[in-house]
Every structure is written in C-alpha cells, then in structure tokens.
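One structure is given here, and the rest of the page talks about it.
Atom set for the values below is all heavy atoms of this structure, side chains included, hydrogens, waters and symmetry mates excluded. Model, not experiment: these values are computed from the prediction. Protein chains get the first letters and strands the later ones, always in sequence-line order, with residue 1 at the start of each.
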There are 2 protein chains.
Amino acid sequence: MAVGRITIEDVAAAAGVSRQTVTRAMNGLPEISARTRDHVLRTATELGYRPSRFASNLAARRKARSVGLVLGSLRNPYYTELAAELLDVVTPRGWQVLMASHEQGDDVELVAALSGQADAIVGYFTGPEAALVAAARGVPLVQVERPATVPGMHAVILDFEAAIEALLDDLRGRGARRFGLIESGRPATGGYRPTRRRRAYERFAGPGSAARVVVADESIRGGADGLARLRAEYPDVDTVLAFNDLMAMGAIQRAQLDGVAVPADLRVVGVDGLSLGAVMTPPLSTLSIDRRALATEAADIVGALLDRAEPPPHPSVVRTVTPRPLWRESA
Amino acid sequence: MAVGRITIEDVAAAAGVSRQTVTRAMNGLPEISARTRDHVLRTATELGYRPSRFASNLAARRKARSVGLVLGSLRNPYYTELAAELLDVVTPRGWQVLMASHEQGDDVELVAALSGQADAIVGYFTGPEAALVAAARGVPLVQVERPATVPGMHAVILDFEAAIEALLDDLRGRGARRFGLIESGRPATGGYRPTRRRRAYERFAGPGSAARVVVADESIRGGADGLARLRAEYPDVDTVLAFNDLMAMGAIQRAQLDGVAVPADLRVVGVDGLSLGAVMTPPLSTLSIDRRALATEAADIVGALLDRAEPPPHPSVVRTVTPRPLWRESA
DNA sequence: TTGAAAGCGCTAACAC
DNA sequence: GTGTTAGCGCTTTCAA
C-alpha cells in the first residue's frame, strides 16, 4: 500500500474528489457543501492524512512567520521572563517563537540550526559576529546587549555603562564606600573574558575596586560561593554588586548564614530586576532591565526588517535600553 | 527592479550560473570550484538573498522537524524547567522547539496556530480533547497530566492519585493530623473546576478535609493569600498542601510573617520539586515531578509516532510518571 | 565542474 | 459547488 507520505492526492483519490476540494475541506473554506466536506474530512482522518506544512506555506499567499530566540539558559528566570515578554509581544502579530539555549551548543551552531526554520533570530550571542551572520544564511540577527558591527546584525543594546555609573552614585549617596563585584564566569569553558558589566564596574567603582572582583558561576550557589570568597579576601567591602539577581540572592543568603546583616553590615545589589527578588528577605535591590521594552524593541526591529520592501542589505538597526536602579531593601 | 522576493533564480541570473550551482554554493556542497562558489556567495549577499525555508524543506530529502510545546506560563519555573528538559532531550535528535503559553490564548487556538509549524505538539491542555485533535489537523498531540481518550491524542500521565496518597501517609507518619489545601483557580476565567490534585487530596486526606480548601491564584502571592484565608477559617489545620511550589513558598512566607513557625507550628508541602525550593528558609518539602522523565517520555512518544512507517491512525500511546515526595525541611 | 529537467505537496485563480 | 491549470522556490536526479 502507501509506502511514502500520504498526500492530498491520496485523499482526493480515496474520497473521489479533486485536490482542490480536499484543500477546501481541510482549511474550512466556504465554497463546499457540508456533505462533501464531512466525507473528505472523514477519509482524511481514516488515511491519517497530515498536510505538509512546507508545501502549504510555499503555495499559500500568506506564509507563517517565526522568530528564533537564543537564550543563555532556560533555568535562569531572567531569560525565561524575557521569553515570556517576547511571546506576549509577537503572538498578537501572529509570529511563532523557536527556543534555543546556550546549554545546547555554541552560538554559531544554534544560529545555523535555527536559520533553517526562522525568519529572524533574536538573542544573546557571544561568538564572533561575522561567523554568526554567515551561519544565519541571510536570516537577520538581532543581538541583545552587544552593539552590532557588521551588516546583517542588528542590536538592542543594554547600556550598562550609564546604568552602572548611576547605580554606583546612588549607592554612594546611601553610604557605600568600598565596592566589590561578584562577576560571572563560565567555569568549564575555560576562556574567561571580562563582561561588559565588569568593565563598567571597574571604570566607575573607584580606586582599588578593580581588584575586589571574584568570578563565580551564574547561579544562586555561585553567588553564595562568590560572596564567601570576596569576604575572605576583602573583609572591609561594604557593598557588593552581583552580576545578576540569582547570584545576589545567593550572596545574601550566604551573608546571613555568616551572621552578616543585609543591608546593615553589607549592601547587596543584583542586576536584572527579577520579580522573585521582591519576595526575598530582605527584598532585593537591583539594577532592573526592562524586559518588556527589550522584547518590544527587538520585535520592532524584526518587524521592520521583514516588512521592508527594498532588497537588503539594510544598515544595522540599533536601539538602546538603559537599566535603572530598583530600590527595595537589600541596599 | 525586484518587487517580490529574491529567489535563487535572481541570484543565478546575476551570477551568470544555473540555479543548481547556486544551491551548491549556498549549501557548501563539494562539486563546485572555490572560485565560482565565492562568486555566487558574494552576489547572494549583495542581492540580500535568503533561501525560502519552505521551498528547501519541501524539495530536500531530509526535512526539518519541530515540536510545539504548550505551557501554562513562562513565568512559573516549573514550566520553564520542563521546557529546559525538553530542549535538552530533543536537541540531540535535531528537533526544534516552538513555544506557546496559555497566557497567549486558549488551548485550541494555540494548537491551531502551532499545527501549521510543528510536527507534533506536547503540553498542558485543558480544553476538550476532540476540539484539540480537530485543531491539530492531523498533527499528533501529547498531553501531560491528563489521560488520552480520543485517537490522535497521546499522554504522559502524572499519577497524582498514587502520589498524593503516599504523600499524605508519610505526612501522618510525621505527625500531621488536620490537612488543608491551597488549590489553584484561575480567577478571571470564571469557570472553576476542581483539579486532579484537589480530587486526590479530598479522597485521601481524611474526614472534613474536603471542606478545608481555599482557591487561590497560581503564584507566590496567591499562596500567601491562600494561607491567610485558610488559617482564618480553619485555625487548627496543622499541615498545608499547596497546589504547587510557588504557592507553597508564598504560604511559608505568610506564615512566618504571622509568627507561625514552619514546620514546628505548621507543615507546608508544595508540588513540583523546583530547585528554587532548596534555597528557601526553611527549604521546601515537596511532591517532586521528575521533569526530565516527563520530557523523555514525551519525546519518545513523539519520536515513535513520527518514525512509524504505517499510516495512522495509531492507537493512543500512554506513559505514566509518578511524583515522589522530596523531603527537605518545611514538613 | 556545471546545466537541464523533473518533481516535492500544496494553494490560487479561473473555469465549468 | 467542484475540477482544471499553473505556479510557489527549492533540491534532486541525470546528462553534458
């Protein structure tokens, strides 16, 4: 019997109608009698017919659209809250979202895989832009946090320079004198490179601050470890900035275990603005990244790129979102 | 000039070669001289050529595969940890994952939208199975938690009957006498229906327990509110089961604010087994759902369905995962 | 190494 | 209401 895939042709033959009639039945089009539609639908399920999404999208006037989203991890609420925002923003436009995370492979591999299924790819990238663009095979890329420097790459920049400068100023106003940083470092990967957040910290946190940095895993546990090491080396630090909220939460926990009161003895500030931080004790002060704005900007860039009439290459589109301090009680 | 889309034909013409040669260049195939490949690639980027994923997947021998994943929310770590596990499991098989959440629309709408882009759809559904299967248009569905009762629907059941019975027994062994439940209810939706977890609780929690139930929002805040109401109505409850870990965390927080010691004065247990629960104070005891097993079972079902040679309909495939108590310190 | 022809499975426009 | 004819844009034979 049927060896390969069951096509519209098979259904048409079995039902004794034309292909077009099958299409009409499957897609609920009006120009068909209820009787034949039911008949066709029935034989379709009997045969186990499943329309080819590739064929229908190729032939149809309006094609399905989808955006790839590349995140650092689905186990960090920052990324998943960003995904939630992006879903909120693009679903009304009828776009689908394809997920990928760095836990599954490096940038370039992920982009190569997504480029076959997505019309645009948004996300966090760390690899060289030229390689990413090449892997994208013409699919536009929008990278978060880093500026775009090659054609085909666009960006939503997170301005941590300005944000961290402002944050440190505010902290000084609250009595902070000696800052320390718990920085993120991928342990196994080997090739550690200072993050943009670290560079901004070192630039604005005052004399000696560049030394008061420990590198830890990007997790609650990592933050706890980081704080222990930081305090062991620099007991007189009075204010700790953590790379992200998860690490800050770990740091607070560790401080409390060690009998250090937060914020009385030690101020702790995270980065991200997770809603989770509000329900900790004490509630976490943080440099909040407006994820809704981020998602909206990214979607706008993608929308503009996809709807553009003229053929590419388009000049890189760049938007900026500036994180803002969100004062709760840990600093 | 070029009004519509730029096709392989345009590139071929501009480069002065045949379509086939463009394909060879774009896909890095061997039978082409480095010289012509570079030339073709260059003109492709000049023209801004982007291969149609629908056309290439239609023509190519091996087609891209993707799984749709329908979750309750991307703002609840349970769902995002499940997504992370599914990504871990399916990426090695070369599948992509399309995300959708109930926050974006009802079941049937989501399935209808995904069915145009996915080869199978896995997830949490609440709508009528027949409507879901119809909306899927032949795309196989795997539902989590609920058993499958119609052809085209498959399932990974979470056996809360057995799990909650065992949990309550263990709790009695730990001294629990009067149970209360903080149940999940979608507030705005109106149509509240008892969850499977509630029904299992009512069946096994002993006389009077069916009354000691409050319905709250599926969030930390909801759990806090729920606990306040439960204690107001039933001050003598000594053990609270929450619908999920997030709600349990809120309940613990609220209890502590009210001067109730956990677990000394009140035992609190959640459901899910979030890793986050381990870093709370006290660490959260919970009925843990093995998300990796869940993801693996779902992927296996999908894999079996997609690779099956015979034409459908296939009988419903059903697997079961039984949650297990994870004792930490809150109960 | 390159090109020409023949589909992949479907929808759109038009006939009937 | 229903069938017929053309494509959609690409990859795959197979010849040259």
Side-chain angles (χ1 to χ4, degrees), chain A residues 2-41 43-44 47-65 115-119 137-139 311, chain B residues 2-41 43-44 47-65 115-119 137-139 311:
Chain A
V3 266
R5 173 189 193 106
I6 291 161
T7 74
I8 194 171
E9 202 89 45
D10 301 323
V11 179
V17 298
S18 73
R19 281 183 339 210
Q20 175 56 6
T21 299
V22 177
T23 291
R24 283 192 273 251
M26 292 301 293
N27 299 353
L29 299 182
E31 303 148 314
I32 188 176
S33 73
R35 217 173 140 289
T36 51
R37 187 188 50 232
D38 290 354
H39 176 223
V40 169
L41 252 30
T43 69
L47 266 51
Y49 169 59
R50 200 161 66 63
S52 155
R53 66 173 196 268
F54 300 119
S56 63
N57 274 294
L58 181 56
R61 177 166 253 86
R62 80 169 284 166
K63 289 139 168 48
R65 284 191 164 175
S115 68
Q117 296 263 67
D119 301 298
R137 294 234 206 89
V139 173
Chain B
V3 266
R5 172 189 194 106
I6 291 160
T7 74
I8 195 173
E9 201 89 44
D10 301 322
V11 179
V17 298
S18 72
R19 282 182 339 206
Q20 172 53 11
T21 301
V22 177
T23 290
R24 282 192 273 253
M26 292 300 294
N27 298 353
L29 299 182
E31 303 149 313
I32 188 175
S33 72
R35 215 172 139 289
T36 51
R37 187 188 48 233
D38 290 355
H39 175 223
V40 169
L41 253 29
T43 68
L47 265 52
Y49 169 58
R50 199 160 66 64
S52 154
R53 67 174 196 269
F54 300 120
S56 63
N57 273 295
L58 180 57
R61 177 165 255 84
R62 80 169 285 168
K63 288 138 170 51
R65 284 190 165 176
S115 68
Q117 297 263 67
D119 300 299
R137 294 230 207 90
V139 173

Might you point out which heavy atoms bring [X] and [Y] nearest each other, and give the distance in Å?
X	Y	result
A:Ser52	B:Leu58	OG-CD1, 4.2 Å
A:Leu29	A:Ile32	O-CG2, 3.4 Å
B:Ser115	B:Val139	O-CG2, 3.7 Å
B:Leu47	B:Ala14	CD2-CB, 4.0 Å

* Sub-4.5 Å side-chain heavy-atom contact between A:Arg5 and A:Asp10 ->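 Not in contact.
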* Indicate yes or no: at least one non-hydrogen side-chain atom of B:His39 is less than 4.5 angstrom from one of B:Arg35. =>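 Not in contact.
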* Fill in the dot-bracket string of DNA chain C, one character per base: . for unpaired, | for a pair to another strand, ( ) or [ ] for pairs within the strand, taking Watson-Crick or G-U pairs under 3.5 Å. => |||||||||||.||||
* To do: Taking salt bridge (Lys or Arg N to Asp or Glu O under 4.0 Å) as the test, write out the residues that go with A:Arg50, two or more places apart.
  =>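 If we apply the salt bridge (Lys or Arg N to Asp or Glu O under 4.0 Å) test to A:Arg50, skipping adjacent residues, there are no hits.
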* Residue list, salt bridge (Lys or Arg N to Asp or Glu O under 4.0 Å) with A:Arg37, at least two apart or on another chain ->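 Partners of A:Arg37 by the salt bridge (Lys or Arg N to Asp or Glu O under 4.0 Å) criterion come out as none, since no residue qualifies.
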* **Nucleotide range of DNA chain D lying under 4.0 Å from chain B heavy atoms** =>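 Extent of the interface on DNA chain D: D:dG9 to D:dT13.
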* How far does CZ of A:Arg65 sit from CG of A:Asn57, to the nearest 0.5 angstrom? ->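 Here the interatomic distance stands at 11.5 Å.
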* Asked: Is the distance from OP1 or OP2 of C:dT1 to the nearest side-chain N or O of B:Thr36 less than 4.0 Å?
  ->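 No, no such contact exists.
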* Encode nucleotides 6-16 of chain C as B, S and - characters from 5' to 3', where the letter depends on protein heavy atoms closer than 4.0 Å: B to the base, S only to sugar-phosphate, - to neither. => BBBBBBBB---
* Output all residues satisfying side chain to side chain donor-acceptor pair (under 3.5 Å) with B:Asp119, sequence neighbours left out; order by chain, then residue number. =>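 Result, side chain to side chain donor-acceptor pair (under 3.5 Å) vs B:Asp119: A:Arg53.
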